Amino acid sequence: MKKLIAANWKMNGQADWSDKPAQLSTILDGTIPKTAQVLICPPSVYLTQIADNAHKYGMNAGAQNCHSAESGAFTGEISAQMAADCHADYVICGHSERRAMFGDTDAVVQAKATSVIQSAMVAIICVGETLEQRESGAANSTVEAQLRASIPEASTALNTVIAYEPVWAIGTGKTATLDDIEKMHAHIRSVYHDMFGARSAKDLCIQYGGSVKPSNAKDILSTKGVDGALVGGASLKMEDFAKIILAA
Ligand code: PGA
């Protein structure tokens with residue numbers, strides 16, 4: 001399985017960032033390593049331009065969020081189909097920032113992921129424990145509960161990616177230990193196995209996210225059960241992001 005290296009730009013960037021796929025491609029000497037699949041998730045207003053440029057250079061593009069409804073009176077929101085109309089291939093669902101600040105409960109995340117799958121895209125479903133939950137020994141149970149309540153029934157390894165992002169590791173410079181990452185990824189795969197069976201679980205892409213940077217990418221990406229990375233801060237500079245792609 002190729003490692004899925006995804007850039008989550010969050011609310012960063014501007015119109016002239018549409019040339020970032022070209023910049024990235026130049027840094028990579030025009031070739032994406034065979035072992036990596038590159039995904040860029042810009043703010044949705046820039047999605048069409050970024051997606052079209054990403055596709056030109058053999059990369060994918062995704063939205064950072066969508067609404068679960070097809071249409072309606074939801075001021076400021078976009079539907080999954082609208083993201084697909086902007087040529088997105090993926091949509092991130094239930095990032096911890098959305099869970100913490102925008103009311104994305106497990107049920108909301110599940111509804112969003114369902115609409116992403118119905119719109120023929122891949123849902124990247126984010127899960128992860130807080131520091132308090134980890135320290136109290138509740139990391140596994142927290143993540144398991146999120147998985148069971150956030151993953152849609154229609155999930156397969158083809159239409160779903162799970163991103164394990166410990167909340168305390170996001171944007172903090174702290175990363176989970178490689179041992180903790182390996183154990184949590186194995187736990188996630190076993191919960192998915194229980195929900196959807198052996199074949200799906202074997203093929204499921206599980207990304208790690210939380211302060212992934214050039215200096216730790218190689219170790220993290222070579223940890224057993226890690227099939228990719230969801231990168232925030234270090235994806236804003238193409239030189240850094242390229243190093244992470246090369247680490248795959
Ligand atoms: P970070 O963010 O790499 O800046 O920690 C990761 C994420 O939030 O997806």
Side-chain angles (χ1 to χ4, degrees), residues 3-13 17 20 24 36-44 46-47 50 54 59-66 83 88-104 109 112-113 116 122-131 133-134 139 142-143 146-147 150 160-178 180-181 184-185 188 205-221 223 226-248:
K3 305 268 188 201
L4 177 60
I5 312 299
N8 173 13
W9 285 357
K10 310 191 180 185
M11 201 173 73
N12 294 293
W17 282 36
K20 294 283 178 194
L24 183 58
Q37 185 187 342
V38 177
L39 167 64
I40 301 181
C41 302
S44 52
Y46 305 130
L47 192 47
I50 293 281
M59 304 168 193
N60 289 108
Q64 299 172 11
N65 176 46
C66 68
D89 312 294
Y90 293 74
V91 180
I92 300 171
C93 300
H95 187 280
S96 66
E97 286 152 16
R98 296 217 50 98
R99 288 178 183 266
M101 292 186 272
F102 302 100
D104 283 17
V109 175
K112 288 181 176 190
V116 170
V122 178
I124 300 181
I125 300 174
C126 302
V127 295
E129 80 287 356
T130 62
L131 189 56
Q133 287 162 334
R134 174 153 290 269
T142 300
V143 167
Q146 288 174 334
L147 291 168
S150 304
T160 305
V161 168
I162 303 297
Y164 168 55
E165 299 202 304
V167 177
W168 49 272
I170 295 177
T172 58
K174 292 181 194 152
T175 47
T177 65
L178 299 178
D180 285 341
I181 295 173
M184 185 58 88
H185 280 232
I188 291 169
C205 172
I206 307 176
Q207 295 178 303
Y208 172 80
S211 298
V212 176
K213 43 191 183 236
S215 58
N216 61 20
K218 197 162 183 198
D219 284 344
I220 291 173
L221 287 166
T223 297
V226 176
D227 306 308
L230 183 53
V231 187
S235 74
L236 300 176
K237 282 202 190 126
M238 292 308 108
E239 292 76 13
D240 289 349
F241 192 48
K243 284 181 190 148
I244 296 170
I245 292 166
L246 291 170

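All values below were derived from every heavy atom in this structure, side-chain atoms included, with hydrogens, water molecules and symmetry-related copies excluded. As the structure is a prediction and not an experimental result, all values here were calculated from the model. When a ligand or atom number is given, it counts from 1 through the structure's own listing order.
For the salt bridge (Lys or Arg N to Asp or Glu O under 4.0 Å) test, no residue two or more places apart in sequence or in another chain qualifies with Asp89. With sequence neighbours excluded, the residues forming a side chain to side chain donor-acceptor pair (under 3.5 Å) with Glu165 are His95, listed by chain and number.
For residues 238-248, the set of pairs meeting the side chain to side chain donor-acceptor pair (under 3.5 Å) definition, not counting sequence neighbours, is empty.
In this structure, ligand 1 sits under 4.0 Å from heavy atoms belonging to Asn8, Lys10, His95, Glu165, Ala169, Ile170, Gly171, Gly210, Ser211, Leu230, Val231, Gly232, Gly233.
A distance-only check finds no donor-acceptor pair linking the side chain of Asn8 to the backbone of Gly232 [under 3.5 Å]. Distance alone, capped at 3.5 Å, is enough to place a donor-acceptor pair between the Gln64 side chain and the Cys41 backbone.
Ring geometry, Tyr164 versus His185: the interplanar angle exceeds 60°, so the pair is classed perpendicular (tilted spans 30 to 60°).
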